[in-house]
Amino acid sequence: MEKSLNELEGSVAGESSRDLIPEPTARPTWGSKVQYILAQVGFSVGLGNVWRFPYLCHQNGGGAFLLLYFLLLLVIGIPLFFLELAAGQSIRQGSIGVWKHISPRLAGIGFASCVVCSFVALYYNVIIGWSLFYMFNSFQYPLPWENCSILANQTQKECAKSSATTYFWYRKALDVTDSIGASEMNWPMTGCLVLAWILVCGGMIKGIKSSGKVMYFSSVFPYIVLVCFLVRGLLLDGAMDGIRIMFTPKLEIWGDVQVWRQAATQVFFALGLGFGSVIAYSSYNDRDNNCHFDAILVSFINFMTSILATLVVFAVLGFRANDIANQCILENVKKINGLVEGGAWLDIPAPLDNMTSTEYSDWYMSADAVANLTKYGITNCRAEDEMNKGVEGTGLAFIAFTEAMSRFPASPFWSLLFFLMLLNLGLSTMFGNMQGIITPLLDNFTCLRKRKTIFTSKSLMFLRCAY
């Protein structure tokens with residue numbers, strides 16, 4: 001019996017569709033949609049949201065950079081993020097399999113993404129090791145980086161010239177020496193690095209079955225800490241000044257091409273585009289999953305997290321800048337009192353001891369117009385100047401923010417919370433990086449699937465030895 005034209009067209013369409021997206025063998029799936037969303041959020045929301053985005057926002061026009069970043073997120077970020085989600089979910093393969101499915105000649109791009117994830121995993125786990133080191137040292141009172149250590153009844157000159165937090169970072173944590181020949185094994189940091197790899201191995205040993213359950217804590221806990229820091233930070237003196245500096249827009253920066261480049265780069269890094277981890281995570285979804293909603297939800301959460309982290313950072317750094325300015329005022333008042341007692345002070349009203357930084361700055365501008373105060377060693381003490389000393393990356397997390405926390409009441413508690421947050425941010429992103437390596441290789445080499453647990457463990461051991 002002859003088939004109708006519609007039946008023939010439907011049959012051909014069905015066959016071509018099945019050929020385009022072949023059904024793989026039994027593949028594990030996420031325990032729930034919540035696990036999957038938390039995994040994608042945990043991978044995309046990383047350390048860059050805490051220490052790179054606030055720096056870029058501050059250096060590139062504050063509120064103007066936020067608008068530019070949001071614009072590029074809508075135009076570039078969300079479409080590409082959706083594309084990776086759709087590719088992984090429909091083909092149900094890792095990055096190697098997806099590119100091989102598009103064209104066998106493009107399989108090298110998938111292998112390249114595995115190599116990129118390997119390099120990122122190497123340095124990311126080092127940061128986790130640093131976080132563990134600081135977290136363990138937070139169980140002390142006072143904190144070891146709160147004051148310069150005393151040796152032979154003399155404060156170390158090197159520490160006094162910089163700061164206690166800077167000295168602890170370079171001399172205690174990193175154990176930096178003047179030459180490579182003078183360097184020795186840093187056993188405490190080595191132990192923290194080994195522990196970091198053990199934690200990653202424990203979370204990855206059974207694939208998404210184990211890492212998905214870990215995400216319930218590692219992805220949610222940083223938000224609890226950020227909210228606690230925001231509430232605490234807003235109660236500190238100078239916090240609102242820091243937030244005001246953050247949101248003050250400088251629209252003229254939109255004419256700078258470099259600002260556009262930095263905003264676009266941050267969009268790619270924030271969403272984890274091009275690494276293959278987004279594809280790997282989405283490949284464990286059912287093909288009928290609503291990836292349109294997932295792309296918008298994860299991107300929105302990522303953007304709001306960046307704003308939340310920036311609020312926290314600027315509130316705390318505003319408090320730090322205000323505290324440093326007050327100390328500067330006290331030191332200058334002592335100098336002026338000494339000059340007055342010695343008869344070397346000009347006929348200018350001296351500042352009061354209880355002046356605010358704004359009042360002192362106004363006094364300094366009027367007094368400096370009459371006499372050159374710098375020749376007396378007297379400087380202007382403005383919190384804005386301290387805030388404008390932009391710090392990014394490890395300098396923000398392990399020096400500037402750490403110094404600010406040391407000025408908190410109950411500083412060990414806040415320090416422990418902060419570095420525990422960094423640990424969880426690092427682990428959730430690290431799980432994504434490792435999934436971007438392991439999933440494509442397991443999909444591409446069937447012999448590895450039978451020894452999945454052994455392969456995962458050996459992959460982590462190889463990366464640890466490579467470092």
Side-chain angles (χ1 to χ4, degrees), residues 20-31 35-44 46 80-122 124 200-201 203-212 214-215 268 271-289 291 294-295 298 428-460 462-463:
L20 179 63
I21 306 175
E23 280 290 345
T25 56
R27 187 177 186 81
T29 57
W30 294 100
Q35 282 188 9
Y36 168 66
I37 294 297
L38 289 177
Q40 290 286 15
V41 170
F43 171 68
S44 62
L80 290 178
F81 189 66
F82 165 72
L83 186 63
E84 291 200 20
L85 291 179
Q89 178 176 307
S90 60
I91 302 174
R92 302 204 76 189
Q93 293 281 305
S95 56
I96 298 175
V98 166
W99 285 106
K100 185 182 290 187
H101 182 79
I102 296 172
S103 174
R105 297 181 180 181
L106 299 179
I109 300 178
F111 284 101
S113 67
C114 292
V115 175
V116 171
C117 284
S118 300
F119 287 136
V120 173
L122 288 178
Y124 229 87
V200 175
C201 184
M204 292 291 303
I205 197 67
K206 292 185 179 180
I208 63 170
K209 296 297 182 182
S210 56
S211 62
V214 175
M215 290 298 176
F268 274 82
L271 294 177
L273 300 175
F275 288 93
S277 300
V278 175
I279 295 176
Y281 273 154
S282 62
S283 68
Y284 296 107
N285 270 334
D286 295 329
R287 283 176 176 158
D288 58 353
N289 177 61
C291 55
D294 297 344
V298 174
S428 57
T429 304
M430 189 66 179
F431 291 151
N433 283 326
M434 294 306 304
Q435 206 69 56
I437 302 171
I438 295 172
T439 297
L441 295 178
L442 289 175
D443 291 339
N444 197 62
F445 301 102
T446 55
C447 59
L448 298 177
R449 299 176 192 170
K450 300 178 182 179
R451 301 176 177 85
K452 182 177 179 180
T453 302
I454 298 176
F455 170 69
T456 301
S457 302
K458 288 188 175 181
S459 298
L460 292 166
F462 172 76
L463 288 174

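The figures that follow rest on heavy atoms only: side chains count, while hydrogens, waters and symmetry mates do not. Fair warning: this is a prediction, and the values are worked out from it, not measured in the lab.
- When all heavy atoms are compared, the tightest approach of Leu441 to Ile437 is CG-O, 3.3 Å.
- A donor-acceptor contact shorter than 3.5 Å links the side chain of Gln89 to the backbone of Asn289.
- Side-chain contact check for Phe43 versus Gln435: every heavy-atom pair is 4.5 Å or farther apart.
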Apply side chain to side chain contact (heavy atoms under 4.5 Å, CB included) to the pair Thr29 and Gln35, showing each step before the final yes or no. CA-CA 10 Å; Thr29 57; Gln35 282 188 9; over 6 Å; no
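- For Ser44 (side chain) and Val41 (main-chain N/O), a donor-acceptor pair under 3.5 Å exists by modelled atom type.
- Of the inter-residue distances, the one linking His101 atom NE2 with Ile96 atom CD1 reads 15.5 Å to the nearest 0.5 angstrom.
- The CE atom of Met204 lies 4.0 Å from the CD1 atom of Ile438; values are rounded to the nearest 0.5 Å.
- When all heavy atoms are compared, the tightest approach of Cys117 to Ser277 is SG-OG, 3.9 Å.
- When all heavy atoms of Val298 and Gln40 are compared, the closest pair comes out as CG2-CB, 4.0 Å.
- To the nearest 0.5 Å, atoms CD1 (Ile279) and CD1 (Ile91) are separated by 8.0 Å.
- Listed for the Asp443 side chain is a donor-acceptor partner under 3.5 Å among the backbone atoms of Gly94.
- Contact between Cys114 and Gly436 at its shortest, heavy atoms only, is SG-O, 3.7 Å.
- Counting all heavy atoms, side chain and backbone alike, Phe431 lies closest to Val200 at CE2-O, 3.7 Å.
- Interatomic distance, Asn285 CG to Asp294 CG, rounded to the nearest 0.5 Å: 6.5 Å.
- At least one donor-acceptor pair under 3.5 Å links the side chain of Arg27 to the backbone N or O of Ser283.
- To the nearest 0.5 angstrom, Phe445 atom CZ is 10.5 Å from Leu442 atom CG.
- Between the Trp30 side chain and the Tyr281 main chain, a donor and an acceptor come within less than 3.5 Å of each other.
- Summarising the geometry, atom CG belonging to Asn433 is positioned 10.0 Å from atom OG belonging to Ser428; distances are rounded to the nearest 0.5 Å.
- For the pair Gly110 and Ser113, the tightest heavy-atom approach, listed with the atom from each and the gap, is O-OG, 2.6 Å.
- Counting only heavy atoms from C-beta outward, the side chains of Leu85 and Phe81 approach each other to under 4.5 Å.
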